[in-house]
Trainee: 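Pasting a structure below so you can have a look.
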Amino acid sequence: MPRNPSHGTSMMADAICKIIDLQNEINKDIDRLVDLKGEIIGVIKAVDSLECQTLLELRYLCFKSWEQIAVDLGYNVRHVYRLHDVATSLIKLPETSQ
């Protein structure tokens with residue numbers, strides 16, 4: 001049986017279109033994440049206490065464990081938990097316009 005010579009090309013073109021669509025979707029996701037990280041940085045920087053800012057940055061931007069944060073700051077873990085409670089109470093979320 002003769003084969004359609006453009007069939008293989010069509011499959012390749014479809015695959016390339018899907019790859020391009022996925023790349024565009026990934027780029028949009030990256031842009032959203034970069035924007036979100038910027039918002040998080042802004043919220044953390046708005047906290048009045050430098051010590052609380054540092055704790056929030058270590059936890060939510062550097063993704064460090066509570067134990068590692070305690071070591072970095074020279075505190076015990078229980079104090080880090082208490083400081084986190086203070087830090088989260090100082091967070092002022094921006095108003096949303098929805």
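Computed from a predicted model, the values in this text were never measured in an experiment.
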Trainee: If you look only at distance, which donor and acceptor atoms sit under 3.5 Å apart when one is on a side chain in residues 80-94 and the other is two or more places apart or in another chain?
Mentor:
{"from": "His84", "atom 1": "NE2", "to": "Tyr60", "atom 2": "OH", "distance (Å)": "2.7"}
{"from": "Thr88", "atom 1": "OG1", "to": "His84", "atom 2": "O", "distance (Å)": "3.1"}
{"from": "Thr88", "atom 1": "OG1", "to": "Asp85", "atom 2": "O", "distance (Å)": "3.0"}
{"from": "Ser89", "atom 1": "OG", "to": "Val86", "atom 2": "O", "distance (Å)": "2.6"}

Trainee: Using the ring-ring contact (aromatic ring centres under 6.0 Å, His included) rule, collect all pairs that involve residues 14-37, keeping only residues at least two apart or in two chains.
Mentor: none
Trainee: What residues, two or more places apart in sequence or in another chain, satisfy side chain to side chain contact (heavy atoms under 4.5 Å, CB included) together with Lys64?
Mentor: Leu58, Cys62, Gln68, Ile69, Asp72
Trainee: With a cut-off of 3.5 Å and sequence neighbours excluded, list every side-chain donor-acceptor pair involving residues 49-56.
Mentor:
{"from": "Ser49", "atom 1": "OG", "to": "Glu51", "atom 2": "N", "distance (Å)": "3.4"}
{"from": "Ser49", "atom 1": "OG", "to": "Cys52", "atom 2": "N", "distance (Å)": "3.2"}
{"from": "Glu51", "atom 1": "OE2", "to": "Tyr75", "atom 2": "OH", "distance (Å)": "2.1"}
{"from": "Gln53", "atom 1": "NE2", "to": "Lys45", "atom 2": "O", "distance (Å)": "3.1"}
{"from": "Gln53", "atom 1": "NE2", "to": "Val47", "atom 2": "O", "distance (Å)": "2.7"}
{"from": "Thr54", "atom 1": "OG1", "to": "Leu50", "atom 2": "O", "distance (Å)": "2.9"}

Trainee: To the nearest 0.5 Å, tell me how far Ile20 CD1 sits from Lys18 NZ.
Mentor: 13.0 Å
Trainee: Which hydrophobic side chains are connected to Phe63, either touching it within the sub-4.5 Å cutoff or through other members that do?
Mentor: none
Trainee: Who passes side chain to side chain contact (heavy atoms under 4.5 Å, CB included) against Leu61, sequence neighbours left out?
Mentor: Lys37, Ile40, Ile41, Ile44, Glu57
Trainee: Restricting to pairs with a member in residues 22-34, which pass salt bridge (Lys or Arg N to Asp or Glu O under 4.0 Å), not counting sequence neighbours?
Mentor: Asp29-Arg32
Trainee: Considering residues at least two apart in sequence or located in another chain, which fulfil the side chain to side chain contact (heavy atoms under 4.5 Å, CB included) criterion with Ile26?
Mentor: Ile30
